[in-house]
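Remarks on the structure that follows.
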2 protein chains.
Amino acid sequence: MGFPETFKALSDPIRREILVLLRQGRMSAGEIGQHFDMTGATISYHLSQLKKAGLIFETKYKNYIYYEINVSVVEEIMLWLSQFNGGKKNE
Amino acid sequence: MGFPETFKALSDPIRREILVLLRQGRMSAGEIGQHFDMTGATISYHLSQLKKAGLIFETKYKNYIYYEINVSVVEEIMLWLSQFNGGKKNE
DNA sequence: ATTCTATTTAGAATTTTATCTAAATACATT
DNA sequence: AATGTATTTAGATAAAATTCTAAATAGAAT
């Protein structure tokens with residue numbers, strides 16, 4: 001957790017795609033994997049990076065592990081970025 | 001230019017620090033370098049990454065190359081991020 | 001209890017990124 | 001023109017990130 005991990009996590013295109021997928025709601029590791037042409041192990045690695053960054057969290061149910069976005073961390077990043085547009089948050 | 005480069009550029013702590021420095025206004029490569037314990041060549045490399053990402057631009061004057069933030073690209077990133085907090089830009 | 005399914009972990013291989021030293025450019029000053 | 005200062009480029013090395021295969025876990029279902 002913390003800026004460094006979060007920015008690192010966001011720097012990978014696959015991980016950004018995963019976040020976009022999760023916009024629609026929580027999804028199991030397997031479902032997420034179906035959207036990509038990579039092994040489950042690799043998806044698992046990316047999920048672990050996102051989790052380490054605090055960008056997603058998991059909940060287990062039966063055999064599955066579901067992932068979900070953590071919006072508050074996204075907001076921290078936006079806050080950091082807002083220092084560059086003169087504090088003008090948005091209009 | 002484009003998201004991938006921009007996120008990659010932002011993922012490095014040194015480059016984020018450079019951006020923070022440049023908040024105060026334009027600065028030459030040398031001045032920027034003085035804030036870090038690295039060779040000029042390395043600073044130059046980081047500047048080139050930021051430039052490639054469109055996050056900064058340069059203007060030459062005499063012997064010097066001055067760098068400056070390009071706010072509009074920062075805004076694009078914020079816009080992309082805003083898809084995750086329900087379009088609630090900021091309040 | 002055995003087998004099946006979902007997912008992660010470990011270890012190795014590949015690729016990418018960050019850094020340095022040395023050399024090249026470019027312009028300024030003497 | 002010769003030297004000096006600021007910066008970049010090239011090439012090498014080291015460190016970090018991504019990916020795979022194979023094995024390990026964990027729980028579900030037979």
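Sequence lines set the chain letters: A, B, ... in the order given, protein chains first and strands last, and positions in each chain run from 1. A quick note: this is a predicted structure, and the numbers were derived from the prediction, not measured.
Using the six-membered ring where Trp is involved, A/W80 and A/F3 have ring planes that are perpendicular, over 60° apart on the 30 and 60° scheme.
Across the protein-nucleic acid pair, B/N63 atom CG and C/dC27 atom P stand 9 Å apart, rounded to whole Å. Taking atom NZ on A/K60 and atom P on C/dT5, their separation rounds to 21 Å, with Å as the unit. Distance B/I65 CD1 to C/dC27 C1': 11 Å, rounded to the nearest Å. For B/K52 and C/dT16, the NZ to C1' distance is 11 Å, given to the nearest whole Å. We find that OH of A/Y64 is positioned 11 Å from C1' of C/dC4, with the value rounded to whole Å. For the pair B/M38 CE and D/dA14 C1', the computed distance is 13 Å after rounding to whole Å. B/F7 has its CZ atom 14 Å from the P atom of D/dT18, to the nearest Å. A/Y66 has its OH atom 13 Å from the P atom of C/dT8, to the nearest Å.
Side chain of A/T42 to backbone of A/M38: no donor-acceptor contact under 3.5 angstrom is found. Side chain of B/T6 to backbone of B/A53: a donor-acceptor contact under 3.5 angstrom is found.
Between A/A41 and B/E58, the residue whose closest nucleotide on DNA chain D is further toward the 5' end is B/E58.
When the side-chain nitrogen and oxygen atoms of B/H46 are compared with OP1 and OP2 of C/dT17, none of them lie within a distance under 4.0 Å. Taking only side-chain nitrogens and oxygens, A/Y61 never comes nearer than 4.0 Å to OP1 or OP2 of C/dT7. The phosphate of C/dT7 has OP1 or OP2 within less than 4.0 Å of a side-chain N or O from A/S28. The phosphate of C/dT8 (OP1 or OP2) has no side-chain N or O of A/S48 nearer than 4.0 angstrom. Contact annotation: B/Y45 does not reach the phosphate of D/dG11 (side-chain N/O to OP1 or OP2, under 4.0 Å). Here A/S44 reaches the OP1 or OP2 of C/dT8: one of its side-chain N or O atoms lies under 4.0 Å away.
Closest contact between the side chain of A/I14 and the listed nucleotides C/dA18, D/dT19, C/dA28 involves D/dT19. Checking D/dA28, C/dA18, C/dT8 against the side-chain heavy atoms of A/L47 singles out C/dT8 as nearest. Here the side chain of A/K62 is nearest to one of D/dA29, C/dA26, D/dA17, namely D/dA29. The side chain of B/Y67 sits closest to D/dT7 out of C/dT29, D/dT7, D/dA28. Nearest nucleotide to the side chain of B/T42, out of C/dC20, D/dT21, D/dG27: C/dC20.
Residues A/A29 and A/L47 approach most closely at CB-CD1, 3.9 Å, considering heavy atoms. Residue A/I69 comes nearest to A/R23 through the heavy atom pair CD1-N, 3.9 Å, listed as atom of the first residue, atom of the second, then distance.
If you check every strand for non-hydrogen atoms under 4.0 Å, A/K8 touches sugar and phosphate atoms only. In this structure, A/G40 reaches the bases: a heavy-atom distance under 4.0 Å links it to at least one base atom across the strands shown.
Counting only residues at least two apart or in different chains, ring pair (Phe, Tyr, Trp, His ring centres under 6.0 Å) contacts with residues 23-42 of chain A are absent.
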